Asker: 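Please read through the structure below; I'll follow up with questions.
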Amino acid sequence: MQRTQSVTIDVESFAASARPVQYDDLDLESAFRARPLSPEALRCIRYMHDIESHTVCYLRDLLLTESHRDPRITTFLTTWAWEEQWHGVALAKVLEAHGETAGDDRIAATRSALGLKDKLGPLITTLGSVLARRDFVAVHMTWGAINEWSTQAGYARLAELEDHPVLSELLERIQRQEARHIAFYATEARERLEASPRARKLVRFALNKLWAPVGSGVVPKEETAFLVQHLLCGQGGEAWVKKLDQRLERLPGMEGLGLVRRELTRWESVPTAVAA
Ligand SMILES: [Fe+2]
Ligand SMILES: [Fe+2]
């Protein structure tokens, strides 16, 4: 397999330093009994819990693609899925501290609600990989970078909006691990985009045609609309939209893409009432 030279992320160290995000030293029960989160924040946490917990299903699909041929990438993905799993567990504790059902029961319900989508997802991803050939990995890495950037921004913005000391501490810890994921995806994406004009063209095309906020294919559309509107609309959200687009557009070939702004426009008018 062809690989370009500069390898800046030491995946072995990354894997060896992985550990579950720590939450057991935070007294979540007492903290949220004393000051419960707002209904809006809880709705965002449910989304985040569901999607963090869905990572292993994304991993299932990704292992069917060209990406599985690169052992550095599979070492990263193994570790990435492990860390994301624990983000889901930590967020489940927040929901449970509010008397909500979370963890396995909620995750099983989310997966079974996917129905046919759950069967088609792996086939579509595999087909994409077959068509893109080895440049699929560039799509995967760039897609991963914008997903991780936007996830980290979501946590930062939720902490900012809610201003709850214990929630902020937990989300800060999760964000530090998301930063490790960002470092890998963005470095690998840059390397591949720099090396191949075909990859630049293909990634730009794929993001333009297919990218949507992480989790939007898993949860009902009113949930994605709510999350986008709550976290990215208004003055505080505007700064994050700009920042996210700037980050993505610093990657080779992604200049002027305006992806996050486009998604904001798409989701800001979608109704957020929960379907009966
Ligand atoms: Fe995560
Ligand atoms: Fe992550």
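These numbers were taken from a predicted model, which means no experiment stands behind them. Numbers here are sequence positions counted from 1. Every number for a ligand or one of its atoms is a count from 1 in the order of the listing.
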Asker: Short check: any N/O/S atom of H87 below 2.8 Å from the Fe ion (ligand 2)?
Answerer: no
Asker: Within the stated cut-off of 2.8 Å, is an N/O/S atom of E83 closer than that to the Fe ion (ligand 2)?
Answerer: no
Asker: Is the distance from the Fe ion (ligand 1) to some N, O or S atom of E148 under 2.8 Å?
Answerer: no
Asker: Looking at D118, is its backbone amide N or carbonyl O close enough to the side chain of R111 to form a donor-acceptor pair, meaning the two atoms are under 3.5 Å apart?
Answerer: no
Asker: Mind checking whether L91 and Y155 have side chains closer than 4.5 Å, heavy atoms only?
Answerer: yes
Asker: A side-chain contact here means heavy atoms from C-beta on lying under 4.5 Å apart; do L227 and P213 qualify?
Answerer: no
Asker: Can you check whether F14 and F184 have ring centres sitting under 6.0 Å from each other?
Answerer: no
Asker: Give, rounded to 10 degrees, the angle between OE2 (E84) and ND1 (H181) as seen from the Fe ion (ligand 2).
Answerer: 90°
Asker: Which atom, counting only N, O or S, brings E178 closest to the Fe ion (ligand 2)?
Answerer: OE1
Asker: Is the ring centre of H181 less than 6.0 Å from the ring centre of Y185?
Answerer: no
